[in-house]
4 protein chains.
Amino acid sequence: MAKIKGWNPEIKRQKILDSAIQILNRKEYHQCPIDEIAKNAGVAKGTVYLYFRNKEDIYFSVLINLIDKVIDIAENVQRNGLPAKKQLFLLLQRISNFIDTYRHLFLSIQQEVKPPKEKLRDRVHKKIGELIKAISVIIESGIKKKELKSYSSVALATIFLSLTSVIAHQKIEIRKHKIQQIDISPELLFKILMEGIEK
Amino acid sequence: MAKIKGWNPEIKRQKILDSAIQILNRKEYHQCPIDEIAKNAGVAKGTVYLYFRNKEDIYFSVLINLIDKVIDIAENVQRNGLPAKKQLFLLLQRISNFIDTYRHLFLSIQQEVKPPKEKLRDRVHKKIGELIKAISVIIESGIKKKELKSYSSVALATIFLSLTSVIAHQKIEIRKHKIQQIDISPELLFKILMEGIEK
Amino acid sequence: MAKIKGWNPEIKRQKILDSAIQILNRKEYHQCPIDEIAKNAGVAKGTVYLYFRNKEDIYFSVLINLIDKVIDIAENVQRNGLPAKKQLFLLLQRISNFIDTYRHLFLSIQQEVKPPKEKLRDRVHKKIGELIKAISVIIESGIKKKELKSYSSVALATIFLSLTSVIAHQKIEIRKHKIQQIDISPELLFKILMEGIEK
Amino acid sequence: MAKIKGWNPEIKRQKILDSAIQILNRKEYHQCPIDEIAKNAGVAKGTVYLYFRNKEDIYFSVLINLIDKVIDIAENVQRNGLPAKKQLFLLLQRISNFIDTYRHLFLSIQQEVKPPKEKLRDRVHKKIGELIKAISVIIESGIKKKELKSYSSVALATIFLSLTSVIAHQKIEIRKHKIQQIDISPELLFKILMEGIEK
DNA sequence: TATGAATGAGTGTTCATTCAT
DNA sequence: GATGAATGAACACTCATTCAT
């Protein structure tokens, strides 16, 4: 299947994707000319179109690539055999680290993506569904082991994910603007999620 | 042709802003030509530039306008003299209703807005700070009255706000794609926020 | 309706159209960048799009504009009250002169125009229908007055029109390549059309 | 991998040419990427460039190939020993059949081909000259045998050829648009060519 | 010979912004 | 102040052609 020597489409595709991730993490979609993504990947503009149908395809592939990474994190955590609560906390920390690198794109994932071609968007929606599934597996087991209250695990996973965006916003504020240092740590977030805020 | 006595630039500005809110709530920023916003407001393209410096100015003014509305909601709730817990629940419900109308723009508020001209963005950040402040007033009083645990009220307000985006996403999913009806109601969200999910 | 002073959309539209006619008469469609048409018309590229939907719209508008001119010729000839035969000969001569200026575009009219958006092409087809109609009016009257054999006037008009392309080819050959000076004059063509070549 | 003995570059060249004929007969020149022609011929894009200098070379080779086929038809007809008139009618019919298959390309032949590199175009012009020569041989003999009036045989051949495009247009109209079924049959065309339309 | 990945010039189109009226 | 015609920078995408393998 693969060419006998040297050339590997997957590698080059990933190279372009990585370049796109860098650029799209810095600037908004419409401020990222394909040309820049290409140059940054060390290829010509035309080459990008050998690996992606169009700009949207790149964008959504980037998002999916990123979600996949988070899914990996979740699955790894889930496999470590610790109690569900510990796993959730670990997951929060790991995602927090992940966000250190992919601040803006991470928020794009959560952000409702407005009306481009439907098919592409659905790819992302499905992926997010997978991510929520992966998180809900952890929660599910927590519920079974009576560690957690028996709410819908999917609902809880959704809420959990949404909380991570608090972290993402924090990091952006802190780094860029040094505004009001509210500092919501993963620890605090986790505590509240577990115990609530009611006295 | 003679101007009627009570001509008021603020009124026209608001007309344009309202038009922009409508359009920007439907489509993505780059798909909303100034021309469309102008026509929709019943004025000519050039007129828009008499009231706004440029397109970004419109966009951020729209966001600020919206945040102002949410601040109003928070302040109204805060003034009604009910217990803090009740107030928070009421606020969640009111924001939920608000989101019914301003789904997409509401998410744009939360979404980190990427690198346009810094000054404009800061206006939005400050406004969000005000909103969080308004919410934290409620929380603060709850803490004082021992209704709530004594975490940083700003931190709690931030988390509270971030939870509302769960609702916004719900509404979009439900309306547009009818995917997995997870149904996270304000009631559920509120319960979890109060009591946590730990058994 | 029209602006009180100075600005007249029809005049500018025609200016662009005239520019397009010049350029498209010299080179093939795909070798005529909008930019060149615009510059040649003394306007900016964007301005062209205020008067035409897109490049195809320009192209077909050019063709229609040209056919209209030929229709005018035919109608003028038809109105002069001469015998049909004389009229046909006059028409052939006038078209021959017309071709002097619009050699290439004239052939484009006759040429089947391949698969662009159907609606636009149909505009041209309808116009050609009108032209054939205008010619057939002359022929019809010739048939009525027993000057001409009673074939279908539309068929004869179609054949007549197709013969003019012989002239167009001639002119191109003569001017450009000076190949075999066959020299098929309108006179010869007309004689053959009238009397046939059979002895 | 070892080349079979009888490998013949001419055969592969023709394969590519045949592929190009198919594609170019369906779509306009600029809508026929070399890639498609190559794929359709079962070779790689690069291979095409081993047999043709560039895309234009392909195009003009296609036209020449086609004209050659028509020349063959004319020469075959000419050799059958029938009276010139019969031969001309036969030729008209055969070309009519030929057009059934090569509608669009046939019109491209007649169509003045605009300013590409001159050398290539001249090849086509020369070929058309040959075709006209082949037709004029028939006409010449008709003139000699007093079947036909003694006009310039080349001129008559040119006119004859131009009449065939009436047929080509017919076929396109009929097949594609079912517009006004004027129906100009080869029979009618031939009758008019022989006897004229004058009463 | 044959391949097909890579290139990048070329171009249609959009749209924020300006400015003469 | 209000208008909307005009502008032209910006950008996505195509595809003929090349060349290393």
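Throughout, protein chains are lettered first and strands after them, A, B, ... in sequence-line order, and every chain is numbered starting at 1.
Rounded to an integer number of Å, the gap from C:K15 NZ to F:dA6 P is 9 Å. The separation between C:N8 atom CG and F:dA5 atom P is 12 Å, rounded to whole Å. Taking atom OH of B:Y59 as the reference point, atom P of E:dA16 lies 14 Å away to the nearest angstrom. Here E:dC15 presents its P atom at 16 Å from CD of B:E56, a figure rounded to the nearest Å. In this structure, CZ of B:R13 is placed 14 Å from P of F:dA2, rounded to the nearest angstrom. Between the NZ atom of A:K55 and the P atom of F:dA10 there is a distance of 14 Å, given to the nearest Å. Atom pair C:I11:CD1 and F:dA6:P shows a separation of 12 Å (rounding to whole Å applied). One atom, CG of C:D57, and another, P of E:dT14, lie 12 Å apart when rounded to the nearest Å.
A salt bridge links B:R123 to B:D57: one of the charged nitrogens lies within less than 4.0 Å of a carboxylate oxygen.
Side-chain contact between A:K69 and A:Y102: present, with at least one pair of heavy atoms (C-beta onward) separated by less than 4.5 Å. Residues B:N40 and B:Q22 meet the side-chain proximity criterion, which asks for heavy atoms closer than 4.5 Å. Side-chain contact between D:H30 and C:Y29 is absent, with no heavy-atom pair separated by less than 4.5 Å.
If you check residues 36-50 of chain C against DNA chain E, the residues with a heavy atom closer than 4.0 Å are C:K45, C:Y49, listed by number.
Judged by distance alone, with hydrogens and angles left aside, the side-chain atoms of B:N25 form a donor-acceptor pair with the main-chain N or O of B:H104 at under 3.5 Å.
C:F60 does not carry C:K55 over the face of its six-membered ring by the limits of under 6.0 Å from the centre and within 45° of the normal. Annotation: cation-pi geometry not satisfied between A:K15 and A:Y51 (NZ/CZ under 6.0 angstrom from ring centroid, within 45° of ring axis).
Qualifying salt bridge (charged side-chain N to carboxylate O under 4.0 Å, His left out) partners for C:K126, counting only residues two or more places apart in sequence or in other chains: none.
When each of A:H30 and D:D35 is assigned the nucleotide of DNA chain F bearing its nearest heavy atom, the one mapping closer to the 5' terminus is A:H30.
If you check every strand for non-hydrogen atoms under 4.0 Å, A:Y51 touches sugar and phosphate atoms only.
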Secondary-structure notation, DNA chain E, from Watson-Crick and G-U pairs under 3.5 angstrom (| other strand): .||||||||||||||||||||
Trace of the side chain to side chain donor-acceptor pair (under 3.5 Å) decision for C:Q14 with C:D18: CA-CA 6 Å; C:Q14 192 60 44; C:D18 287 340; 3.1 Å; yes
